[in-house]
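A quick write-up on the structure given underneath.
In each ligand, atom 1 is the first atom listed, and ligand 1 is the first ligand listed.
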Amino acid sequence: MKILANDGIDAVGKKILEDAGFTVDTNNIPQDQLKDRLNEYDAITVRSATKIRKDLIDACSNIKLIGRGGVGMDNIDVDYARSKGIAVVNTPAASSLSVAELVFAHFFTGVRFLQDSNREMPQRGDTAFNELKKNYAKGIELRGKTLGILGFGRIGREAAKIAYGLGMNVMAYDLFEFNPETEISFADNQKIKFKVQVASKEEVLKNADFITLHVPAVDGKAVIGADELAMMKKGSSLVNCARGGVVDEQALMDSLNAGHISFAGLDVFDNEPTPQKSILSHAKISLSPHIGAATNEAQERIGVELAQRIIEELKK
Ligand SMILES: NC(=O)c1ccc[n+]([C@@H]2O[C@H](COP(=O)([O-])OP(=O)(O)OC[C@H]3O[C@@H](n4cnc5c(N)ncnc54)[C@H](O)[C@@H]3O)[C@@H](O)[C@H]2O)c1
């Protein structure tokens with residue numbers, strides 16, 4: 001069987017598939033040529049770049065499986081594919097830790113103004129060193145502060161573990177009831193169990209010093225808009241490594257400009273891949289271009305998990 005890994009696949013995952021007897025082609029076929037060429041394959045894997053829409057599914061009756069390396073399947077018409085008997089698989093857990101670590105990269109950046117000093121130092125670091133030193137003098141520590149997690153799923157839980165390790169208090173809200181007990185495993189096989197504080201959304205907004213969002217994309221309605229930002233503690237901060245649209249970008253900038261929340265970290269944006277310039281140039285926003293899952297470790301885990309899911313499905 002032939003698999004087209006159109007957005008690439010980690011070498012370890014590719015080898016697992018080849019050892020199981022599959023041929024894996026990692027040469028990218030441009031989106032506009034897929035309709036004519038995808039039928040040469042039995043399955044396709046994608047990340048977020050390639051779109052698998054209804055018309056492509058209709059044009060390629062040979063395809064038995066669509067694999068998504070990663071979590072979100074917004075680029076695939078999943079229900080339609082399944083209605084046509086095509087298996088659709090993804091790798092939901094493989095990148096959770098990488099996303100959670102990026103959340104703290106943004107928090108550590110924001111509390112020491114690195115998002116701004118990294119922009120200012122190359123311009124003025126040689127002539128206005130002491131002025132910049134004064135501007136960035138009032139940093140704060142994370143230890144002892146409260147992290148509020150909205151969405152206590154896979155990534156939310158990983159964020160809780162990091163926060164606990166940093167000596168933060170952790171409170172979490174989820175739409176559904178969840179087990180607050182969480183376990184951290186260390187490299188030397190030590191394990192530590194702890195419980196996060198179960199809270200309502202309002203309690204998180206009102207009490208957390210740092211808020212991180214780990215909810216799925218919601219059609220049209222932001223989980224954090226002007227009302228929620230107004231409820232947040234003055235001087236608190238917010239990181240969105242979930243999906244664009246989960247935070248109302250204009251309301252976020254209004255709150256930052258009014259000096260209500262102190263900084264934000266964003267990995268995801270409205271209108272990706274062309275986010276608005278005002279967000280990109282805001283001095284109080286730490287930025288990354290949707291790289292939450294983009295670590296070597298996560299990509300390897302994604303490749304391995306995807307290969308295993310494909311083998312399970314196609315060798316049934
Ligand atoms: N930045 C990146 O590169 C990157 C990478 C992977 C995943 N993500 C995104 O991270 C988000 C979380 O992923 P996950 O793997 O933890 O998902 P998950 O399904 O494990 O957890 C999501 C949790 O959110 C809860 N939830 C849903 N709507 C909610 C709401 N309105 N308020 C509170 N809780 C709500 C669900 O009950 C669930 O427990 C997703 O949006 C995913 O697309 C981003």
To the closest 0.5 Å, what do you measure between CG (D42) and CZ (F22)? 8.5 Å
With heavy atoms of [X] as the reference, note each atom of ligand 1 found under 4.0 Å away.
X	answer
F176	37 (O)
H290	1 (N), 2 (C), 3 (O)
A293	3 (O)
V71	6 (C), 7 (C)
Y173	32 (N), 33 (C)

Tell me whether the rings of F178 and F152 are parallel (<30°), tilted (30 to 60°) or perpendicular (>60°). tilted
Geometric class of the F104/F107 ring pair [parallel <30°, tilted 30-60°, perpendicular >60°]: perpendicular
Strictly below 4.0 Å, N to O, side chains only: are D10 and K14 in salt-bridge contact? no
Just go through [options] and tell me whose heavy atom is the nearest to [atom].
atom	options	answer
atom 36 (C) of ligand 1	D74, V103, L175, D174	D174
atom 35 (C) of ligand 1	D267, I224, I155, V215	V215
atom 44 (C) of ligand 1	C241, A294, S95, A159	C241

Among protein heavy atoms, which lies nearest [atom], and at what distance?
atom	value
atom 20 (O) of ligand 1	R154 N, 2.9 Å
atom 43 (O) of ligand 1	R243 CZ, 3.2 Å
atom 27 (C) of ligand 1	P216 CD, 3.2 Å
atom 12 (C) of ligand 1	H214 O, 3.6 Å
atom 21 (O) of ligand 1	G153 CA, 3.3 Å
atom 9 (C) of ligand 1	A242 O, 3.4 Å

Is the Lys NZ or Arg CZ of K201 less than 6.0 Å from the centre of Y173's six-membered ring, within 45° of the axis? no
Side chains of Y41 and N62: do they bring a donor and an acceptor to under 3.5 Å? no
If you measure every N or O of V99 against every N or O of ligand 1, does any of those distances drop under 3.5 Å? no
